[in-house]
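Take a look at the structure set out below.
Nothing here was measured: the structure is a model prediction, and the numbers come from that model.
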Amino acid sequence: MQRTKNKAAWNDVGDRLRQLLVAGLSGDEKQYLSFLKKLSEYLRRFFARRLTHFPGDVEDLVQETLLAVHNQRHTYDMDIPLTAWVHAIAKYKFVDFLRARGRQAAMTDPLDENDSIFSESHQIEALEARIDVRKLLEQLPDRYKLPILHIKLQGLSVAETARLTGMSESAVKVGVHRGIKALATKISDPI
């Protein structure tokens, strides 16, 4: 019951943010500034929950995400929920932050000569993980499986994936989003 209530509340927030963005895209600067201000509040909470060990970096990530939203506002597809579009941008900014943080940590962590990077157990775990992901992907329809396979696993761009699969770029983006959502459901549901 609480989850349904939270989802409905989030949909209301998403609808209100979408209205502000659409008004802003139509030239209403005041509405657009209101959109950015309200969005920054949600982003701040989103990143604060994930960066408990790096609270000083929350504001930087909020600003980077707002800048990305602003720079990419022309790519927003009105058929996709605004919350999904913003979440994807925020998620990518978060992953970029973690990658950068990981590189910084790797440059300062001493290497232990007794620690083999290519130990057999790590290779086996990686192989098992790849097999599990492939099995999960095989359960998805092609409209979800192919975009995930090409973009997330092979590193192709949305445009390259669209050309390769014959799907539109919007369909590729939706396929990735819905496919990952379907995979998450499969992973969290008991077999």
Side-chain angles (χ1 to χ4, degrees), residues 3-51 57-100 137 140-185:
R3 189 174 184 180
T4 304
K5 188 183 288 186
N6 288 343
K7 188 173 183 177
W10 182 241
N11 285 340
D12 290 343
V13 168
D15 289 343
R16 179 66 184 133
L17 286 172
R18 184 179 182 280
Q19 290 170 356
L20 292 170
L21 174 61
V22 169
L25 292 175
S26 298
D28 189 334
E29 186 177 330
K30 185 177 177 184
Q31 296 295 315
Y32 186 68
L33 290 175
S34 182
F35 162 75
L36 291 174
K37 183 178 179 186
K38 289 185 184 311
L39 180 59
S40 68
E41 295 168 10
Y42 290 100
L43 290 171
R44 203 167 282 112
R45 286 194 296 265
F46 174 81
F47 290 126
R49 285 192 306 267
R50 287 156 180 79
L51 294 172
D57 293 311
V58 169
E59 197 58 36
D60 289 343
L61 269 173
V62 169
Q63 295 306 315
E64 285 182 33
T65 305
L66 287 174
L67 184 61
V69 166
H70 174 73
N71 288 338
Q72 296 300 316
R73 66 190 183 278
H74 66 280
T75 68
Y76 174 60
D77 181 350
M78 300 289 185
D79 295 331
I80 298 174
L82 177 72
T83 52
W85 182 72
V86 170
H87 184 263
I89 293 171
K91 182 183 74 169
Y92 288 122
K93 289 297 177 185
F94 182 64
V95 169
D96 287 345
F97 167 81
L98 293 177
R99 283 186 188 134
L137 278 175
L140 297 178
D142 283 348
R143 67 182 185 274
Y144 299 158
K145 175 176 50 178
L146 294 176
I148 291 172
L149 180 68
H150 294 306
I151 292 174
K152 299 297 183 185
L153 299 180
Q154 295 175 348
L156 298 179
S157 70
V158 171
E160 291 170 323
T161 301
R163 279 193 303 276
L164 188 64
T165 61
M167 300 168 72
S168 70
E169 289 186 22
S170 292
V172 168
K173 291 176 189 176
V174 170
V176 169
H177 174 73
R178 290 184 181 163
I180 289 174
K181 194 172 180 179
L183 287 175
T185 302

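- Remark: R18 does not engage D15 in a salt bridge, criterion side-chain N to carboxylate O under 4.0 Å.
- Checked by atom type and distance alone, the side chain of S34 never pairs as donor or acceptor with a backbone atom of K30 at under 3.5 Å.
- Contact check for M78 versus L25: side-chain heavy atoms found under the 4.5 Å cut-off.
- Interatomic distance, L21 CG to S26 OG, rounded to the nearest 0.5 Å: 9.0 Å.
- Here the side chains of V86 and I89 are not in contact, with every heavy-atom distance at 4.5 Å or above.
- Side chain of Y32 to main chain of A23: no donor-acceptor pair is present (N/O by atom type, distance under 3.5 Å, no hydrogens or angles).
- Taking CG of L36 as the start and CZ of R73 as the end, the distance is 9.0 Å to the nearest 0.5 Å.
- Expressed to the nearest 0.5 Å, how far CE of M167 lies from CZ of R143 amounts to 8.5 Å.
- Nearest heavy-atom pair across P147 and T161 is CA-CG2, 4.0 Å.
- Contact annotation: the side chain of I148 approaches that of I180 to within less than 4.5 Å [non-hydrogen atoms, C-beta and beyond].
- Note that CZ of F35 is 14.5 Å distant from CD of E29, once rounded to the nearest 0.5 Å.
- The shortest heavy-atom contact between T65 and A90 is CG2-CA, 3.9 Å.
- Taking each heavy atom of V58 and A48 in turn, the nearest pair found is CG2-CA, 3.8 Å.
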side-chain contact (heavy atoms from CB on, under 4.5 Å) evaluation trace for L164 with H150: CA-CA 9 Å; L164 188 64; H150 294 306; 3.3 Å; yes
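- Using a 4.5 Å heavy-atom cutoff, the side chains of Y76 and L82 are in contact.
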Residue pair S157, E160: steps toward the side-chain hydrogen bond (donor to acceptor under 3.5 Å, both in side chains) verdict: CA-CA 5 Å; S157 70; E160 291 170 323; 3.3 Å; yes
Residue pair L39, V69: steps toward the side-chain contact (heavy atoms from CB on, under 4.5 Å) verdict: CA-CA 10 Å; L39 180 59; V69 166; 4.2 Å; yes
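- The minimum heavy-atom distance between A162 and S168, with the atom names listed, is CB-C, 4.1 Å.
- A pairwise comparison of heavy atoms in L17 and Y42 identifies CD1-CD1, 4.4 Å as the closest pair.
- Between W85 and Q72 there is a side-chain heavy-atom pair separated by less than 4.5 Å.
- Between the CG atom in L51 and the CZ atom in F97 there is a gap of 5.0 Å [rounded to 0.5 Å].
- Aromatic ring orientation, H87 versus F46: perpendicular (interplanar angle above 60°, classes split at 30° and 60°).
- Relative to the six-membered ring of F47, R50 misses at least one condition, a distance below 6.0 Å or an angle of at most 45° to the axis.
- No more than 12 heavy atoms of other residues, nucleotides or ligands shown are found within 6.0 angstrom of NZ on K38.
- In this structure, the side chains of K173 and V158 come closer than 4.5 Å at one or more pairs of heavy atoms.
- A distance of 6.5 Å separates CD of E64 from CG of D60, quoted to the nearest 0.5 Å.
- Using a 4.5 Å heavy-atom threshold, the side chains of L33 and L20 count as separate.
- Considering all non-hydrogen atoms of both residues, G14 and T83 come closest at CA-CG2, 3.6 Å.
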